[in-house]
Amino acid sequence: MHAQPAVGDVAEISRTTCAEDITAFTQMTGDHNPVHYDKALAEKTPFGKIIVQGGVSSGILNAVVAERVPGPGTVFLGVQWNFKKAVGVNETITGRVEVVSVRDDKPICQLKTTVIDSTGDVCIEGTATTYTMPLKDL
């Protein structure tokens, strides 16, 4: 069980995307956009390559929030994300969460959220509001 998060707490998780991420996301959502599957077409787009779905790129933030800060029992109440740079297959991304504020009366946090690639470019940036339910006595 994690302690109550504090303003300034930061956590990160990194992972490398893979073609299976695209397939799994398509199976979950039905997103068959050709920029995720058609190499010849994708190379002609401004991305210049096959890209993973935005949900794959932002999904790393779910992991940071649920596993690190604020931690287990945490769910998103709201997010505001700007997608700045597409993420390709076999690219390493890092999700970073920083606690901006914590309510005194409820386990609700405001977070600064960022996903960067291995070159340090920002792929996603924005904010999130989370609620952390106590899991201890469940």
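Numbering of residues begins at 1 and proceeds along the displayed sequence. The structure presented is a predicted model; accordingly, all values stated were derived computationally and were not measured.
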Side chains of [X] and [Y] in contact at under 4.5 Å (non-hydrogen atoms):
| X | Y | result |
| --- | --- | --- |
| Pro70 | Val65 | yes |
| Val69 | Val10 | no |
| Val56 | Val87 | no |
| Val115 | Arg96 | no |
| Cys123 | Phe83 | no |

### Asp105 atom CG: more than 12 heavy-atom contacts under 6.0 Å
yes
Could you tell me the separation between the [atom1] atom of [X] and the [atom2] atom of [Y], rounded to the nearest 0.5 Å?
| X | Y | atom1 | atom2 | answer |
| --- | --- | --- | --- | --- |
| Asn62 | Thr130 | CG | OG1 | 11.5 Å |
| Trp81 | Ser58 | CH2 | OG | 4.5 Å |
| Glu98 | Thr114 | CD | OG1 | 8.5 Å |
| Arg103 | Gln110 | CZ | CD | 9.0 Å |
| Ile60 | Ser14 | CD1 | OG | 6.0 Å |
| Ile22 | Ile50 | CD1 | CD1 | 6.0 Å |

### Message
Among Thr16, Thr119, Thr17, exactly one meets side-chain hydrogen bond (donor to acceptor under 3.5 Å, both in side chains) together with Thr92. Which residue is that?
### Response
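With Thr92 as partner, Thr16, Thr119, Thr17 yield a single side-chain hydrogen bond (donor to acceptor under 3.5 Å, both in side chains), made by Thr16.
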### Message
Does anything in residues 21-31 form a side chain to side chain donor-acceptor pair (under 3.5 Å)? List the pairs, not counting sequence neighbours.
### Response
Arg15-Asp21, Thr26-Tyr37, Thr26-Gln53
### Task
Determine yes or no for a side-chain-to-main-chain donor-acceptor pair under 3.5 angstrom, with Asn33 supplying the side chain and Val35 the backbone.
yes
### Message
Given 3.5 Å as the limit, does a donor-acceptor pair link the side chain of Arg68 with the main chain of Glu12, or not?
### Response
yes
### Query
Shortest non-hydrogen contact from Leu61 to Phe76?
O-CZ, 4.1 Å
### Query
Can you name the nearest heavy-atom pair linking Thr132 to Pro72, along with the distance?
CG2-O, 3.8 Å
Out of curiosity, does [Y] fall in the hydrophobic cluster containing [X] (side-chain heavy atoms, cut-off under 4.5 Å, transitive links)?
| X | Y | value |
| --- | --- | --- |
| Ile93 | Phe25 | yes |
| Ile116 | Val89 | no |
| Phe47 | Leu41 | yes |

### Query
Between Glu91 and Lys85, does at least one N-O distance fall below 4.0 Å, as a salt bridge requires?
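No, no charged N to carboxylate O under 4.0 Å.
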### Task
Under the side-chain contact (heavy atoms from CB on, under 4.5 Å) rule, what do Thr113 and Ile124 come out as? Steps first, then yes or no, please.
CA-CA 8 Å; Thr113 54; Ile124 302 171; 5.8 Å; no
### Task
Please lay out, stage by stage, how Asp9 and Val102 fare under the test side-chain contact (heavy atoms from CB on, under 4.5 Å).
CA-CA 11 Å; Asp9 284 354; Val102 180; over 6 Å; no
